[in-house]
Structure formats: structure tokens, C-alpha cells
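Report on the following structure.
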Protein chains: 2
Amino acid sequence: MVTIKDVAAHAGVAFKTVSRVVNNDPTVKPKNREKVLKAIHELGYRPNRAAQMTRRKKSGIIGFIADELLRVPYTFDLIRGAQDLAWRHNKELMVLNVNVDKYSVEGAVDHLFEHRAEGIIYAAMYHREVSVPSQLAEVPAVLANCYDSSGLYPSIVPDEKEAAREITQTLLDKGYQRVLFLNLNENIIAGRLRKAGVEQAFAENNLSTENVVIESVIVRENQIERSVARERAADLITRFKPDAILCGQDPIAVEVYFVAQALGLQVGKDIGIASFDDWDIIPTLLQPGLTTMALPHYYMGQWAFNYLLDGRSDKIRETARFSLVNRQSF
Amino acid sequence: MVTIKDVAAHAGVAFKTVSRVVNNDPTVKPKNREKVLKAIHELGYRPNRAAQMTRRKKSGIIGFIADELLRVPYTFDLIRGAQDLAWRHNKELMVLNVNVDKYSVEGAVDHLFEHRAEGIIYAAMYHREVSVPSQLAEVPAVLANCYDSSGLYPSIVPDEKEAAREITQTLLDKGYQRVLFLNLNENIIAGRLRKAGVEQAFAENNLSTENVVIESVIVRENQIERSVARERAADLITRFKPDAILCGQDPIAVEVYFVAQALGLQVGKDIGIASFDDWDIIPTLLQPGLTTMALPHYYMGQWAFNYLLDGRSDKIRETARFSLVNRQSF
DNA sequence: CTACAAAAAGACAACGTTGTTTAAATTGGT
DNA sequence: ACCAATTTAAACAACGTTGTCTTTTTGTAG
């Protein structure tokens, strides 16, 4: 590989001058700068990042550990949010996917330390509490889409409750009155908080709790439960006769669309359907398109990166707002 | 940060001895090795990868450029395939997502060169022909899920035709006789090749072409077309009366499930449905589960990485077999 | 106990950069 | 034209490692 010295020889200057040109040092005469630039171009010189790192004693690397407990691909936006910023700030985002077992997480942290990562983002694939290896504290670290019980780390998670309140309020504002909420299982954080948000909305509108039914119909990612969910949903719809159904996550909405069709109900006309997540292709795959509260993954990725970039050290627990994606399902 | 010299001082040996221990050099006496190991542990020393790289003149970095023209998240498996191997071989997979514009691709390549990447994997998010920046040839490079017209690069793509032949054959073996193939648009490579595969299967079974109808019903990712697709599908089903429907991709199958329900046909009983892709959550979301030919993304990622690892330089055009994922839709 | 080979550990240079100091070239005022 | 001041460029050390060579220690045969 061509080095700074090769360039210097070719241009007939000291190698330090080449370094100056590469680093935009203004104290080099235009004539020399031109010579060097020409030589760089002719030889195809590219600075050696590893050498720069050793000398500068800065890595420019931010680590991103993706806790791949579940394989929920739409969370890829978390990575993109961080990576887009990294690119813009000329930093390296070193992404590592880890498996369930602790060994692998610690291995990833070790790995990042060896690269002298200047900060680490630890992201979970769904909103949950995590326990991270203690070594993580040796370097600035942020948790994204998760939080730790200890309060040792800053974190950002989706504002589940507010999202639920908001979409429920939107339903009510549009005149829907009887809402069936087919919630996630309540042992999932999102399930608990979303329930609270829906209840808050009803309370704020002074509506009787007779007008809302909240049922946990699904355990995440469980196929057997899903068919049960469909039956439960059909049953609840015929008994409770809601004019709107709020689904705990987009996959539930798929079930509901099928149930609605089976019952002869036209979505968006006979019955309104709303949901959470904006799960990749699902909302646009359904007809009519599913109006849903989009998880702020991209934003959380950005926020986490910016936290590190700003050199912050406060242990804030931030929440990120969902955004309502309007389609035609209500 | 603690360096090799700090460790040496703490252990009372020459810093070179520490280096030897770190690199498992057998020529260090057990007693000293122990002392050093103890010091390493006590000081929390971690080798500096950047310094190692400069001295060793090897980066251990493989670049992965993800052409993010379309945001098809299930292709994440391409990255995982490569990354799992990288981890196992103690290499670094540097993943860069790029946008449509050429500038960004070239920027990514530059970036990787600066890191002295020992090889580059260029992956497309759907099977297509690409034109890559010429600088890529300066380093060992492989194309995954795409190929270049020039033949300058080795590549691996899914074996679309064989997959279509295989699933069609499977349908025929199970006794299905009248197949409706709701294909992708034929200006997509997968559309063309899958059509050829279906036709081959019918020819090999000496079946009249009266028993198969092939229609392009969808342009990838186009919502407007999708509702048209549903109508077309309904129309074709009632007119042609197929006993099996093969869908050009899993999202089409979603439409078909709805259409089938509307027509009072029970999937897997009254009508068999098969598909391509194994698109993330879709096949398990549908009830009954969708039997589909899974794209070999993970394998392609692995293959590409291994190609580089093996130091190959032949310009092979490899194809990767889909795998049939049996569920209950036929 | 000596000699000598083999094993182990140390010294020093090198990797490709950048930071710092020192020297050379240029400029400006008289 | 000369000196000082300033701008520009060169020289050299340093970053944290590993490669190579040299020295020291250890072990063994006589």
C-alpha cells in the first residue's frame, strides 16, 4: 500500500508536508499543496486509519451492540438512525449482533474495548428491562429501546403510554365510542404501559369504562396463541360490538382484518382499526392500509448516538414519541 | 488506557514478554506467563487493535456494503451470515449501508480502503444486476444477491429457476393439477427466472399448458398495484378454478389468503397455496402457515465471506438453493 | 564444575501516521 | 540591501504494538 512517504517522494516534499495537506493544514503554500494533491491522486494514496488512530490516540469508533434475543427486523431502523449520524460525523459505527447468552454480550464489549470504542450503544430488539455486563460502565454507554434497573445508564425507550393515549384520543375524536383493545400480554412492558395509556384517554374524556374492553390476546411471537387470538377476537367483536378495535401490535391487526372480513365487516367503514408499531411491511400490506402508531426506532438510534457525541454523562431516562401514521383503517 | 508497558512494569518483565503472552508465544516460562496474566487481569489491559493493525500490516477487516435501494428487512440475514463467520474467524465485518446515489457507494468503498479492508462484500437488497464503482476491483470483492454485467466480480445469487421448478414439482407430486402462478413483474429478474422454472416443471411432467396460468400481478412494493392484484387474483380464481396457487412472493400470498376467504375457500383444504421468499413474519402470520421457498440469504452471506476468507480470485457465478419451508398451506 | 546448546527474555527497530521543535525561506520595513 | 519578523517546511520523536536480533539464563553432558 502507498504511504505518506511514497507520496512525499513523488511530489518532492517532506512527508510531513503531505500530512499537512491531508489534514488541511493552512500553512502549506498553494504550489506545494497542488504538487502533493497531484501526487496523491496519481498514486491513489489513502490515509491509513489504523495508523492515524494509534498516533492520534482516538479511535472515532462508536460501538453498537444489538441484542438479538428476538429477530424483529424492523428494529433495523435503530441501527440506521445511529449509522446515518455516524457517517455524517465521520465516525465509525461498529455493529455487533449478540445472542442470548451473556458470554456473547461480554465478548462484544471486550471486542469494542480492544478497538478503543469511544462509546457504546446497547440496543434491545423490543422494549424491555435488561441487565448489562458491568464492564460497560468503563466507557460512555447508552441503552436504546431498553433500560436497566440499576439506573446506572442513560436510556431511551418508546413512550408507550403516551402513544396509547394519543391514538385512543384520535379514535374518540373521530367519533368512535366503543373500543376493543386487543392488547399484548401484560407481562410485556409495552402491554402494561399501553393499557395505562388507553385507560387514561378514556378517563380524560369522562367516558364510562363500559365503552372499552381491554383484553390481552397474544404472547409475542407465539403462533399457537395467534389462532386463539383470532377466535377470541371474533368472540369479543360479536359480543361487545365495538365500533373500533385497537390492536396491541400490527400482527394482531392482521388477525383482526381476517376476522372482520369473515364477519362481513368492512375495515375503515363498518369498523375502525388502529394499531401499534408500524411493523415493516404489514401496515401497507393490509387493505385498507393500517393506521398505526409508529415506533420511534430511527429517532432512538439517533438520540443514542447524539448522547454519546455530546459527551454527556447524566443518567437521563428519556422517552421517545411514537408518530401516528395515517392510512385508511379508521 | 493501560498499555503493554504498564503491564510489563507491573509484572516486572520486559514489555516484549507481555506481547509474547498476549500472542500465545510458547517460549515464555509458565512462571512469567502467570505473572503477566495476573498483571493483565489486575490492570484490565486490553490489546490496542489499531496499534496491532499498523504493526502487523493487516487489518482483519472485511467490508460489507449493503445497497439499501429498497428497505427489505428480511435481507438482514445476508449480513448475519457474514457476521457470524467473521466473529468466528476473529475478523471485523464493517457494515456500511448506502443509498441509491453513486456518490455514497464510492464513499463507502473509499472508507473501507482507508481502513485497509482485506475484502469487500457488496450486497443488494433484491436479486438484480448492479454496476459497481470500478475502484472496487482494487481489493478482493464479491457480489451477493446481485451480479455485474461485466463479469469482473464473483457473485452469488438465489437459484430462482430451480426454486420455482422445485416448488411446482412439489405441488404436482402432492396431486395438485391446476396451478395459478401469480408472478412478480417480469422485468424483475426473479419474475423471469421463476416463470421459467414453473414452465420447466410442467414440461418435465408432460402436463398440458392448459393446466397452468401464469400472470404477473404485482410490481414490487407498489401499494396501488396490490389492490389491483387482489381483484385480478379473485377474477382468475373464479375463471380458471385452480386447485393450487403459487405466489410470486409472500406479500402476494397475503392478498390471496384474503381472496380465498372471501370466496369461501379454505386454504390448505379447498385450495393449496405456495409462495416464495419466507418473508420475515408473513408466512407464520398467516393461518394456516404459508409453505414457501425460503431465500438463501444467510447462506449467501456466508458463502461470500468464505470466498474472501479462502483468498479465491476466480470469477465464479454461484447460485444458492432456496429451501422449502413446510407449513400447512398445501 | 565446565562447556555448550537450547530456551527464554530482553533491546531495539519498525509500522504509518501526527505533534512538537527546529531550521529554512520569504516577507516587510527601513 | 539588511535585519527582524513571520511564514513555511523540514527533522525528529512519539503512539502501542510486533518482528528481528542479541543477550542472558537454564539445562545437560562430560
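What's counted below: heavy atoms across the whole structure, side chains too, no hydrogens, waters or symmetry copies. Proteins come first, then strands; the chains are lettered A, B, ... in the order of their sequence lines, and each starts at number 1.
Without hydrogens or angle criteria, H10(A) side chain to D6(A) main chain gives no donor-acceptor distance under 3.5 Å. Panel note: side chain Y45(A), backbone K5(A); no donor-acceptor pair is recorded below 3.5 Å. Although no hydrogens or angles enter the test, the distance criterion places a donor-acceptor pair under 3.5 Å between the side chain of Q83(A) and the main chain of V95(B). A side-chain donor-acceptor contact under 3.5 Å links E118(B) to the backbone of G60(B). Here the side chain of Y307(B) pairs a donor or acceptor atom with the backbone of D314(B) at under 3.5 angstrom. At distances below 3.5 Å, not a single donor-acceptor pair connects side-chain atoms of D310(B) with backbone N or O atoms of R312(B). Formation of a donor-acceptor pair under 3.5 Å by the N145(A) side chain with backbone atoms of A124(A) is found in this model.
Note: NZ (K35(A)) to C1' (dT8(D)) measures 13 Å, nearest angstrom. For the pair I4(B) CD1 and dA11(C) C1', the computed distance is 14 Å after rounding to whole Å. When the P atom of dT17(D) is taken as reference, atom NZ of K58(B) falls 18 Å away, rounded to whole Å. Rounding to whole angstrom units, CZ of residue R49(B) and P of dT18(D) are separated by 11 Å. Residue D6(B) contributes atom CG, which lies 11 Å from atom P of dC15(D) at whole-angstrom precision. Atom P of nucleotide dC15(D) and atom CZ of R116(A) are separated by 14 Å, given to the nearest angstrom. Put simply, NE2 on H115(B) is 17 Å from P on dG16(C), counting in whole angstrom units. When the P atom of dT7(D) is taken as reference, atom CZ of R33(A) falls 16 Å away, rounded to whole Å.
Between H115(A) and E92(B), the side chains place a donor N or O and an acceptor N or O closer than 3.5 Å (distance only, hydrogens not considered).
At least one side-chain nitrogen or oxygen of K57(B) sits closer than 4.0 Å to the OP1 or OP2 atom of dG16(C). The side chain of T54(B) contributes no N or O atom lying less than 4.0 Å from OP1 or OP2 of dT17(D). Residue N23(B) has a polar side-chain atom (N or O) positioned under 4.0 Å from OP1 or OP2 of dT18(D). An OP1 or OP2 oxygen of dG16(C) is reached within less than 4.0 angstrom by no side-chain nitrogen or oxygen of K5(A). Taking only side-chain nitrogens and oxygens, Q52(A) comes nearer than 4.0 Å to OP1 or OP2 of dT18(C).
Contact check on E114(A) versus R46(B) returns no salt bridge, with no Lys/Arg side-chain nitrogen under 4.0 Å from an Asp/Glu carboxylate oxygen.
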Detail all sub-3.5 Å separations between protein N/O atoms and N/O atoms belonging to nucleotides 4-6 of chain D.
none

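Nearest nucleotide to the Y45(A) side chain, out of dT17(D), dT17(C), dT26(D): dT17(C). Counting only heavy atoms from C-beta on, R55(A) has its side chain closest to dC15(D) among dC15(D), dT20(C), dA14(C). Checked against dG16(D), dT17(C), dG10(C), the side chain of T3(A) finds its nearest nucleotide in dT17(C).
The side chain to side chain donor-acceptor pair (under 3.5 Å) analysis of residues 53-63 of chain A, with sequence neighbours excluded, yields the pairs N23(A)-R56(A).
Interface residues of residues 8-18 of chain B facing DNA chain C, ordered by number: V13(B), A14(B), F15(B), K16(B), T17(B); criterion, heavy-atom separation under 4.0 Å.
Mapping V28(B) and V22(A) onto DNA chain C by nearest heavy atom places V28(B) closer to the 5' end of the strand.
Backbone-only engagement by T27(A) is indicated by non-hydrogen atom pairs under 4.0 Å involving sugar-phosphate atoms exclusively.
Looking at R20(A), its side chain has no donor and acceptor atom pair within 3.5 Å of the base of dG19(C).
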